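Worth knowing before you read on, the calculation uses all heavy atoms, side chains too, and leaves out hydrogens, waters and symmetry mates. Computed from a predicted model, the values in this text were never measured in an experiment. Atoms within a ligand are numbered from 1 in the order they appear, just like the ligands themselves.
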Amino acid sequence: MTVAPGPPRKVRTRIAPSPTGFLHLGTARTALFSWAFARHFGGDFILRIEDTDVARSTQEAVDQIIAAMQWLKLDYDEGPFFQMQRLDRYRVVIAQMLREGSAYHCYCQPEELDAMREAQRARGDKPRYDGRWRPEPGKELPAPPSGLRPVVRFRNPADGAVTWDDLVKGPITIANRELDDLIIARADGTPTYNFCVVVDDWDMEISHVLRGDDHVNNTPRQINILQALGAQLPLYGHVPMILGPDGDKLSKRHGAVSVMQYEEAGYLPEAMLNYLARLGWSHGDDELFEREQLLHWFDGRHLARSAAQWDAAKLNWVNAHYIKAMGDQALAAIVAQRLQSQAIDASDGRLPGICALFKDRCETTVVLAQWAAAFYVAVKPVSDERDKHVSEAVRPALGLLAGKLALCGWDKSSIALAIREVLAESGLKMPQLAMAVRVLVMGTSQTPSLDAVLALCHRSAVLERLQAA
Ligand code: GLU
């Protein structure tokens with residue numbers, strides 16, 4: 001049986017994270033693909049929280065997921081839906097399947113299943129449920145044991161195969177004999193994972209399921225259940241995992257894997273979106289593109305079949321690009337917040353100018369905020385730079401400069417003139433004087449043009465720091 005797309009329908013995609021932790025980069029990328037695909041085709045994007053693993057699901061994780069989606073501006077049209085609020089609906093569908101014969105009660109106890117598997121292994125067979133409670137025409141089933149509650153199993157087709165044309169991987173075929181009669185409800189009546197996904201995708205009229213390829217094995221089971229329900233099937237696309245630099249699946253071991261950790265570390269959402277989009281998808285050689293461009297291009301083609309590798313240096317390069325391109329006011333607002341969290345009040349109006357001067361040398365807004373902090377709190381010069389540049393030969397000129405800076409107009413050109421006068425009077429070269437001033441005023445010799453830097457400092461702070469020479 002080949003899965004045909006069925007009649008055309010409105011594009012509806014979803015992201016279905018389990019709230020058992022932060023939003024992982026891999027899930028964020030799948031969310032991004034699903035969202036961009038829906039937006040490209042004018043469809044809907046849905047957020048569904050798969051919280052049936054009650055022991056591991058937390059409200060904090062739900063909040064984190066929503067915060068990360070908002071930060072990346074992956075807006076959803078419907079949801080969040082919570083599976084735990086849909087239990088009645090799953091029960092109705094299970095009852096319907098039992099009535100129609102596509103599901104049945106199975107009274108096998110765990111010990112019995114263990115013994116079954118052991119015997120199969122001993123015979124050299126693959127362990128699987130042997131169908132002892134599966135109704136067949138003409139087959140007599142054992143009498144239900146009293147006092148035991150049954151699980152509900154899906155009556156998987158015995159023969160044939162499931163084939164779907166994966167949007168990423170191309171045609172995939174799985175023989176039905178490889179698939180067990182899946183338990184869809186436990187003995188206590190709670191529905192199982194694959195079953196909930198099926199009912200949700202059906203009810204939410206999902207047209208395209210984009211997800212990680214760790215779900216490939218679930219897909220034939222889900223397709224069979226959807227078929228049994230008479231549901232129109234979605235198209236499936238399984239995106240390869242993201243790998244760490246060592247070729248293993250990206251995990252905490254490789255560094256931050258939570259989206260919001262990147263916010264904390266000074267990455268811009270625009271950069272994150274751009275970088276994540278390129279991990280496993282391409283549009284020619286384009287590396288840098290705006291959100292609107294992505295939505296225009298992202299039609300589900302050009303998704304890579306092979307796994308993408310996380311590249312921190314490239315992410316930094318992308319982030320540096322977006323920091324540089326960002327308006328000074330907007331950047332200042334981000335930096336102000338960072339400084340505020342360090343109890344530095346930077347609301348005196350200088351911050352946009354500071355951002356303008358430093359933004360082209362920063363890979364993260366954390367680094368930009370470090371630069372900006374030097375304009376508000378005393379700096380401690382890097383000691384070997386101080387030893388190297390603030391030499392005895394330069395010291396008299398520093399005093400001279402302090403004298404002129406105490407009296408001159410406080411703007412870039414007046415400051416530049418004062419510096420030039422000191423150079424003429426002292427006979428020093430520009431780098432000798434400038435390096436020393438930079439180290440004393442900003443803590444390091446690697447700064448943008450000195451007159452511009454000083455003009456953004458308060459005169460009193462400059463004089464104080466020069467006098468500390
Ligand atoms: N809850 C699953 C996960 O977090 C997603 C399932 C799906 O997309 O079908 O991996």
Item to check | Salt bridge Asp188-Arg186, side-chain N to carboxylate O under 4.0 Å | outcome: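 No, this pair does not count.
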Checklist entry - Should Asp360 and Lys324 count as an ion pair when the cut-off is N to O under 4.0 Å? => result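 No, no charged N to carboxylate O under 4.0 Å.
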Checklist entry - Which part of Tyr236 is near ligand 1, with near meaning a heavy atom under 4.0 Å away: side chain, backbone, both or neither? => result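 Neither part.
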Item to check | Sub-4.0 Å atoms of ligand 1 with respect to non-hydrogen atoms of Arg211 | outcome: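 Ligand 1 atoms under the 4.0 Å threshold to Arg211: 7 (C), 8 (O), 9 (O).
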Checklist entry - Which atoms of ligand 1 are found less than 4.0 Å from any heavy atom of Ala16? => result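 Listed by number with element, the hits are 1 (N), 2 (C), 3 (C), 4 (O), 5 (C).
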Which protein non-hydrogen atom lies closest to [atom], naming both residue and atom, and how far is it?
atom: atom 6 (C) of ligand 1; value: Tyr193 OH, 2.9 Å
atom: atom 7 (C) of ligand 1; value: Arg14 NH1, 3.4 Å
atom: atom 3 (C) of ligand 1; value: His215 NE2, 3.7 Å

Next on the checklist: Can you confirm if the NZ or CZ of Arg89 lies within 45° of the ring axis of Trp202 and under 6.0 Å from the centre of its six-membered ring?
Outcome noted: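 Verdict for Trp202: a cation-pi partner in Arg89.
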Next on the checklist: Does the structure place the NZ or CZ of Arg48 under 6.0 Å from the centre of the six-membered ring of Tyr76, at an angle of no more than 45° from the ring's axis?
Outcome noted: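 No, cation not above the ring by the 6.0 Å, 45° rule.
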Next on the checklist: Before we go on, tell me: are the rings of Phe37 and Phe41 under 6.0 Å apart, centre to centre?
Outcome noted: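 Distance test on ring centres: under 6.0 Å, yes.
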Next on the checklist: Using the ring centroid of each side chain, check whether Trp281 and His302 are separated by less than 6.0 Å.
Outcome noted: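 Ring centroids of Trp281 and His302 are no less than 6.0 Å from each other.
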Checklist entry - What do you reckon, does Val197 have a nitrogen or oxygen under 3.5 Å from a nitrogen or oxygen of ligand 1? => result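 Among all N and O atoms of Val197, none is under 3.5 Å from an N or O of ligand 1.
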